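One structure is given here, and the rest of the page talks about it.
By convention in this document, chain letters (A, B, ...) are assigned in the order of the sequence lines, proteins followed by strands, and residues within each chain are numbered from 1. Since this is a predicted model, take the numbers as computed values, not measurements.
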Protein chains: 2
Amino acid sequence: MADTGTTPRERYRTQVRAEIKQRAWEQIAAAGASALSLNAIAKQMGMSGPALYRYFAGRDELITELIRDAYRSLADTFRATAAPQSPADGSGAPGAHLAALAHTLRDWALDDPQRYFLIYGTPVPGYHAPDDITTIASEIMATLLEACATLPSDGPAPFRRAMAFWTRLHGVLSLELAGHFTGMDLDPAQLYAGEVEALLRP
Amino acid sequence: MADTGTTPRERYRTQVRAEIKQRAWEQIAAAGASALSLNAIAKQMGMSGPALYRYFAGRDELITELIRDAYRSLADTFRATAAPQSPADGSGAPGAHLAALAHTLRDWALDDPQRYFLIYGTPVPGYHAPDDITTIASEIMATLLEACATLPSDGPAPFRRAMAFWTRLHGVLSLELAGHFTGMDLDPAQLYAGEVEALLRP
DNA sequence: CCTCTTGCGTTAGAACTTCTAACGAACGAG
DNA sequence: CTCGTTCGTTAGAAGTTCTAACGCAAGAGG
């Protein structure tokens with residue numbers, strides 16, 4: 001499976017890169033992105049520090065790669081979320097695709113909260129993502145926009161609807177993932193579902 | 001002004017602590033909380049590294065103190081946001097207090113985005129805020145709840161309304177502050193105002 | 001099959017970081 | 001004026017990222 005690359009060298013290289021990234025994700029899930037340590041990853045893999053620099057130019061490039069993978073993962077997950085049996089003319093349930101996207105988003109975020117925050121969390125003031133990453137970001141937005149365009153248009157314009165969808169769901173989701181709802185006698189899933197429902201009937 | 005403490009020693013101590021925190025805020029605003037360096041602060045203040053440990057037990061305690069100050073600042077700013085000339089019986093403009101809180105929140109966040117993210121940004125998996133900080137957090141929530149309770153009650157219950165207020169405004173605000181709207185031909189202030197308006201008429 | 005270039009992992013070390021320990025000096029209370 | 005507390009210092013341990021130089025192993029070309 002997945003013999004990326006032709007030569008044995010390339011295969012080995014991509015395999016090691018993949019393992020490095022996997023350990024990096026484990027560290028990030030455990031203690032956040034700021035606690036990611038190249039040295040610790042190297043030790044876990046049984047090799048000594050600077051060896052990792054054969055695979056990533058540095059900590060920043062590794063993190064950027066993880067951010068790219070996170071965007072890619074969300075974009076693919078969004079794309080794979082088909083409108084459930086809607087006959088392309090938008091009959092069936094009108095907002096089924098949007099609702100499916102909403103629940104896909106929440107599942108994806110809950111699956112790895114720190115991955116979500118790598119995309120939508122606290123920005124680093126100096127940092128600017130490379131162009132290909134912003135391209136993936138607009139892919140995500142495009143998927144959302146398409147789903148909004150299939151709705152009956154007696155409500156707001158597709159773009160306004162998409163922005164409301166994005167901002168409101170991110171609002172609930174990020175506060176939930178950050179733990180701001182704990183001890184508040186509140187079911188985050190229900191709050192989320194309530195916002196989705198409100199979004200589908202304006 | 002503000003001669004906190006009686007003895008000269010205490011005055012000097014609180015003054016140095018204040019300067020340390022101020023430099024810390026500058027660093028955080030410039031490069032994010034993860035780039036905060038005690039050594040750099042010490043050098044800026046003309047003293048050598050470990051001297052700061054007389055004033056803060058370590059980096060974590062300093063950051064916790066900054067988080068506390070951020071919460072305190074937001075709570076005070078919220079409390080100071082009076083309902084504009086509403087005669088206590090809730091006549092006048094019904095949602096004036098809520099609208100004022102909304103704009104106060106945005107102004108406060110724009111004034112120092114990293115301070116906002118210190119409260120509502122990416123959480124550190126291991127970290128749990130001390131009890132007094134969660135107390136301040138509930139102060140903020142209480143202010144919001146009170147403002148929601150003065151609304152005509154043909155809409156949702158005050159608690160639901162407060163949650164919608166919180167999550168929706170945080171959704172728009174955090175995405176704006178993180179720069180996710182750049183290059184999107186969209187006025188964040190307008191989007192924000194639109195959400196506020198929608199919040200006031202359900 | 002043999003060479004030879006390319007790539008990988010190593011150690012050494014510089015420049016950082018947080019943080020502890022021990023020392024000396026200055027300050028203020030008695 | 002003395003004496004104890006507090007402050008700032010330097011030294012150093014244990015981390016971190018990252019560069020440089022070295023040796024070895026593995027694949028490519030003759």
Between [N] ([atom2]) and [X] ([atom1]): distance, integer Å:
{"X": "B/R11", "N": "D/dT6", "atom1": "CZ", "atom2": "C1'", "answer": "17 Å"}
{"X": "A/Q27", "N": "D/dT17", "atom1": "CD", "atom2": "C1'", "answer": "14 Å"}
{"X": "B/K43", "N": "D/dT9", "atom1": "NZ", "atom2": "P", "answer": "12 Å"}
{"X": "B/M45", "N": "D/dC7", "atom1": "CE", "atom2": "C1'", "answer": "13 Å"}
{"X": "B/L52", "N": "D/dT10", "atom1": "CG", "atom2": "P", "answer": "14 Å"}
{"X": "A/R17", "N": "C/dC8", "atom1": "CZ", "atom2": "C1'", "answer": "15 Å"}
{"X": "A/L62", "N": "D/dC18", "atom1": "CG", "atom2": "P", "answer": "10 Å"}

All N/O pairs under 3.5 Å across the protein-nucleotides 27-30 of chain C interface:
none

Sugar-phosphate, base or nothing in reach of B/F56, heavy atoms under 4.0 Å: nothing
For [X] and [Y], does a side-chain donor sit closer than 3.5 Å to a side-chain acceptor?
{"X": "A/S34", "Y": "B/S34", "result": "no"}
{"X": "B/S174", "Y": "A/Y120", "result": "no"}
{"X": "A/E26", "Y": "A/Q22", "result": "yes"}
{"X": "A/T150", "Y": "A/H97", "result": "no"}

Phosphate OP1/OP2 of C/dT10: any A/S48 side-chain N/O under 4.0 Å: no
Worked check of salt bridge (charged side-chain N to carboxylate O under 4.0 Å, His left out) between B/E10 and B/R17: CA-CA 10 Å; B/E10 284 177 11; B/R17 277 180 66 103; over 6 Å; no
Side-chain heavy atoms of B/Y116 within contact of B/L74, under 4.5 Å: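 In short, these two side chains do not touch, never coming nearer than 4.5 Å.
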pair A/M163-B/F181: side-chain heavy atoms closer than 4.5 Å: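 Yes. Closest side-chain heavy atoms under 4.5 Å.
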DNA chain C: 5'-proximal contact among B/L36 and A/Y12 (nearest heavy atom):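 It is A/Y12 whose nearest nucleotide is closer to the 5' end.
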Review item, nucleotides 19-22 of chain C N/O atoms under 3.5 Å of protein N/O:
residue	atom	partner	partner atom	Å
C/dC19	OP2	B/Y53	OH	3.2
C/dC19	OP2	B/R59	N	2.6

Residue pairs, two or more places apart or on separate chains, that pass side chain to side chain donor-acceptor pair (under 3.5 Å) and touch residues 36-54 of chain B: none
Cation-pi geometry met for B/R161 and B/W166 (6.0 Å, 45°):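 Geometry flag: not set, cation outside 6.0 Å or 45°.
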